[in-house]
Amino acid sequence: MKNKYYLIIMLILMSLFIVSLKSNAGGCEAPVGFDRVNGEMAWDSNHSVEYVALWAHWCPPCMKELQLLDKVAGVKPMNVRAIHLGNKQEQIDKVFSRLGIKHLLKEYSGDFTTLTTLGFRGLPASMVVVNGQVMYRMAGYESIDSQTVIDFIECLEGD
Amino acid sequence: MRLRDINAILLSLFLVDATSAAPLTFILEDKTLGTVTEENWPGKYLLIGVGYTSCPIICPTTVIDLATTVNLLGDKKDDFVPIFISIDPKRDTALSMDEYVKYFDKNMVGLSGTYKQVSDAAKQLKATFGYTIDGGPAYPPLPERYEVYHSTYIYLYGPDRNLIDVFGYGAGGKENADKIREILSEK
């Protein structure tokens, strides 16, 4: 009888521990290059979890990230946004055509102060926004596997 | 002592050294004007940054700071010429520099030149730059693959081409413009 109660208590404690892990976004492993921030900055997002990348047509590493984001958007179209800094529709069209981008919407922000307001000092500038708060940031881009990003987004959605 | 305090001290030392220097001179190439020197914009202040366009991982936004600084000067903006000089002449031509800077502001000037011309200009500015391959130093003639590094200050020169002030990277256009307005009000 004593052992039965002991087992029940252990199971309850283990459940609580697992719930606390999953409810902490730190339980979702962010892709390499992303830093966890404290969520003090708000971002007007359309979905509970969004990967938002700010880019420009003159920025070579931005091109690589666009290709990653297009792959992710092919699976999670509601969770990815690529926003060009500057109203340059012709350049945006050329880049999308050249890179064969199929799944991303063509969005732009006309205002460079967006970058400095967010505290970024270079491009590409990427954020993962959870429930309207910036929770992860990455400055620059080298290489990330698209499945890693998809898994990360799905983990955050599950929290 | 915070990093910002150390940066301020280093900038002050730089200014003490730079103010005793001769006026700025350079010979560089502009897409429209051809060969240009410091005499091409008589009576104007020059706001100068150096960099390059083929960034591998992250692209600094010095040019954004240059453009926004000048645009925030209001009725004084026409007294200033924002100039971005490439220290990667192998990849950046006068044409490509012009296309690059005009994306940010139609009044921006993008300059390039030969390696000697950009080196001399950087030396005049007391800007540092260089090239690396796999972490080791590299020198012209450069192969296809190399990385570029450079200092990231923005330099303000007066119509007499004497150095007035130096702004740190990341200060932002508003902070730079506020400082410039303060400088102008003291004249």
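In what follows, chains are A, B, ... by sequence order, proteins preceding strands, each numbered from 1. Everything quoted here is computed from the prediction, not taken from an experiment. What you see below is based on every heavy atom in this structure, not just the backbone, and it leaves out hydrogens, waters and symmetry mates.
The number of heavy-atom neighbours closer than 6.0 Å to CD of E142(A), taken from other residues, nucleotides and ligands shown, is 12 or below. More than 12 heavy atoms of other residues, nucleotides or ligands shown are found within 6.0 angstrom of CD on E186(B). No more than 12 heavy-atom neighbours from other residues, nucleotides or ligands sit within 6.0 angstrom of CG on D44(A).
Interface remark: of the candidates P56(B), C59(B), S54(B), C59(B) forms the most heavy-atom pairs closer than 4.5 Å to chain A. Highest contact tally toward chain A, considering only I64(B), T68(B), I57(B), T62(B), is held by I57(B) [criterion: heavy-atom pairs under 4.5 Å].
Under the 30°/60° scheme for interplanar angles, the aromatic rings of Y103(B) and W58(A) are found to stand perpendicular.
Hydrophobic clustering (side-chain heavy atoms under 4.5 Å, transitive across Ile, Leu, Val, Met, Phe, Trp, Tyr) keeps V32(A) apart from F34(A).
The two residues P61(A) and I58(B) make their nearest non-hydrogen contact at CG-N, 4.0 Å.
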